[in-house]
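Working notes, structure below.
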Amino acid sequence: MNVRGPIVSVEDTRTVSTSYGDRELREIRIRPERGAADPVRVTLWGKWAQTGEHARIGMELLVTDVEVDEFRGETTYATTRESWVVLEPDFLVDVTGIRSWVQCPRMYYLNKLSGIPLNYPVVKGTIVHEVFGDLLRGVDLEESVTERVAEAGLDLGLLGYDAAEVEDEVRRNAAAIEGWLAQGTLTDEDTWRSEFTLISPRFGLKGRADALRRGTPVELKTGKNTNREPRFHDKVQAACYALMLEERGEDPDIGTLLYTKNTALDRNEESGDLAPAKEFSVGRGFLEFVVRERNALAAMEWRALHDAANDDAPDVDTVDDDGGDEARTRPTVPTGYEADAKCQFCFEQDTCMVVSGRLDQESKAGQVGRPVPDEELVYFDRFYTAIEEERRETHAEYRKLWEQTPAERAADDRALIDLEPLGKTEISEARWELRARKPGDAVSKLREGDVALASDGDPVGGHAELVRIRRLGPDGEVVVEADEPVTLRRLDVYPSEISVDRMLTALHDAVLKGDPDRKDVIFGRREPAFKSVVGSGAAGDADLSDEGAEPVYIDNNASQNAAVDLAVRAADCALIHGPPGTGKTYTIARTIRALCERGDRVLLAAFTNRAVDNALEALRDQGFEDVVRVGTETGVREDMQDVRLRTRGDPDERAAELKTAPVVAATTAACGSRVLRECEFDVALVDEASQLTEPSTHAAITLADRFVLVGDHQQLPPVVRAENDLQRSLFERLIELYPDAGVMLDRQYRMSQRIQAFASAEFYDGALRPATPAVAGQSLTDLGVAVDDLPEELGHGVNFIDPDGRRDGNRNVREAERVAEIVASYIKAGVDPDDIGVIAPFRAQVAEISRRTDVTVDTVDRFQGSAKEVIVVSFVASGTLDGPIFDDYRRVNVALTRAKKELTLVGDAAALASDPFYRRMLAWARR
DNA sequence: ACTCTGCGAAGAGGA
């Protein structure tokens, strides 16, 4: 049996005499999840006592296969030979993380913090890994090498390599693999699997094994190793996979390391064992070691979060604030002293010393440089902790893969279950197309183009593969593309840590590598500067030139023109506040053109692909075509594919395309990618900046000398799972800090006077107004609709209807029915269904309404950025306004400002009147 | 209690 629960007390390790001699033990009390509410005693014997050293009150402890005993009337537990002891099992450690942790815990920390930059060993390693996978799947070597090198064209070009030399080197590596494979596959009993995704709930591990051979892990290393034994940390990595395979009921007694640089060509020069493959036996003791290391890592991560939040915690570093009387607690970070690794041989030594120096951390390698100012240290620690909290939330998403039943998972819209497998076709060598049919009208968050986890029904314990969704047909057809043929019975959303990883590297880049002038502004030490005249180059710094007219970029909108002017004159940054319908996108396009005309190279970034493509479209509409769009094939909209940067092809050509484009457009997530981190710009212009966390904004702006943020902090804030500093955007913080560095676009081209009035008064101090009389006076009549054809309660520009419905969970069926009737009335009166949109706060209600109408129905969040002639809003709530979704009034701002000519609010008057804000809304709507 | 977009899914190396 297993015991598990939060730790309530930890005793010291002691040594006792047993019939087997002296043995160490450590006693820990936990509060078990089930059963007795009282804490129970768990004794960790032998080396598990070492894991006990890392244990802290509040951490979660899991001990499997315990021995149960009665001691003085109390039930106690102890480890046995079969036991595994796992600290914080919910913290999912990546196998490559354990590998670097074993080399040196600080290396693990540094890799996480500074990311792995674009470098040749990694790119070549990736290519060789892909070729290895191809060879296992029977692809011809030459064909694979040519193809895989071509696919890496952009990376190689940026690194200055040409295809032929890389092909040559990869071919030599691959030859070693092929030679070894030829021996291995002589026996019929050899079964191979490549790229095996493993997730371990028990050990809190995840990772991808390069290959499995007869159920044992095979790890490919593109380096050379002339020792008889595999490198220790390589064995650790393979052992992690062995551990996870064992959990799945396999019995992997050996692991294989394949060093592909151990080739015949080198054999004359070197002594030692040059066979590429090295096997080692995977014993129980080694696996236990691996688990203890994983526990040490998970415990450090726990302390980094909890010690920082708890000033009383013992054994943490403290830094004095300016005042000196208050000590600030800093997150626990590995120093390198934990390991006996030798710093002078470490590839990360320079990074290690720089990070230590800049962040004032203790480290075995020592420090170089001076610490950044104290407020920057505070900022770094605050956001580091916030990002790590967000990581925990991502881990919670993984946990749902095994904690939720398939039905719960499907109800959560995170999986398509009970798929009926229809077939597997090998579409090209080593690529499979898997087809299935989904039952009924099952819906999910999964979309075409997404990476998802396809499985035989059990995504954690069964056969699962990461696949790309090709088609989710309305007829229930599901088509995915995979490397291996899995029987497609279930498709799950696969959580990704990429966004948290990218935020962390962006934070690192911003604080450690950021330009000091830039940081003065970010950290509130200096007002942003503006050039008074727009000159070319550095000449325009003077404030004397009153002669000559103000530059006119946009002649019919003073605030838009002022925004462009401000952005062009910005020496540090400019902030453009664009309320709904104020021509943000047009202004962005005009700004980019003005900047390019001065010779600036511009990075155009936004949170979503949709916003990037919209801005790009506006730019191209203005006749500017010299753009490169960086993004995935599925992320980039169809009509922007022609300017999308291909990663495949001739290295020089691909790299030149990116390096010389006057405008590069990408999502902020892509800005944090290896490729874009290599690029430099004069100006970064970030749209939707109010929806971005500070670190995500840094990902874009650290690539440029100056930046322009465009957004509206009165609309929806960043989407984050954890509640912390990430919820507030840099845009919002800066616009409050430096109102003079901002311009608000105050004329809107979208809504009638009647519709915009409430939002203008509530959110924009009444400053938002219609751009023209025509905008102000628009109505349904302009659509050729006779208002007389509508029921009496509709047709007044803004209407309120109380259908007397009742909220049931996140739905309100009566209200949904009424909304459908209202939509039908509009259509009957002659409104084009394409001109009508329905908005609801909950997805459940969106589904409820969608069943009853064919017009566009979506959540507020998904409607942000678009508009319709007629909008119907369903509020769902009845009686009271309980729920976090109603707390953020900005969501209402978004919902109400989607309508151009007619807006109908549908809800329970009593519920809405229970809150002053909603009461004012009601008063306005009923007028 | 809710909302939910991005990410190539990881990936390498030497005294």
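All chains are named by letter (A, B, ...) in the order of the sequence lines, taking the proteins before the strands, and each is independently numbered beginning at 1. Owing to the predicted nature of the structure, the values given are computational and were not obtained by experimental measurement.
Residue Glu397(A) contributes atom CD, which lies 13 Å from atom P of dT5(B) at whole-angstrom precision. Here dA1(B) presents its C1' atom at 8 Å from CG of Asn810(A), a figure rounded to the nearest Å.
The 5' end of DNA chain B is approached more closely, in terms of each residue's nearest nucleotide, by Thr126(A) than by the other of Thr126(A) and Cys346(A). Between Lys206(A) and Thr222(A), the one whose closest nucleotide on DNA chain B sits nearer the 5' end is Lys206(A).
Judged by distance alone with a 3.5 Å cut-off, a donor-acceptor contact links the side chain of Arg891(A) to the base of dT3(B). Contact annotation: side chain of Arg721(A) to base of dT5(B), donor-acceptor pair present below 3.5 Å.
Using cut-offs of 30° and 60° on the angle between ring planes, the pair Phe196(A) and His463(A) is parallel. The aromatic rings of Tyr918(A) and Tyr889(A) sit perpendicular, their planes meeting at an angle over 60°, well past the 30° parallel limit.
Between Glu848(A) and Arg811(A) there is a salt bridge, since a side-chain N of the basic residue sits under 4.0 Å from a carboxylate O of the acidic one.
Counting non-hydrogen atoms under 4.0 angstrom, Arg674(A) reaches a base of the nucleic acid. At the heavy-atom level, Phe842(A) lies under 4.0 Å from the strands shown only through sugar-phosphate atoms. At the heavy-atom level, Ser499(A) lies under 4.0 Å from base atoms of the strands shown. Across all strands shown, Gln103(A) has heavy atoms under 4.0 Å from base atoms, whether or not it also approaches the sugar-phosphate. Residue Leu220(A) is classed as a sugar-phosphate contact, given heavy-atom separations below 4.0 Å to backbone atoms only. Looking at heavy-atom distances under 4.0 Å, Asp888(A) makes no contact with the nucleic acid at all. When heavy atoms are screened at a 4.0 angstrom cut-off, Thr608(A) is found touching the sugar-phosphate backbone but no base atom.
In this structure, of dC7(B), dG8(B), dA12(B), it is dG8(B) that holds the atom nearest to the side chain of Ser673(A). When the nucleotides dC4(B), dC7(B), dT5(B) are ranked by their closest atom to the side chain of Thr667(A), dC7(B) comes out on top.
Asp613(A) places a side-chain N or O within donor-acceptor distance of the main-chain N or O of Arg637(A), the cut-off being under 3.5 Å.
With rounding to the nearest 0.5 Å, the separation of CG in Asp94(A) from CH2 in Trp101(A) is 14.5 Å.
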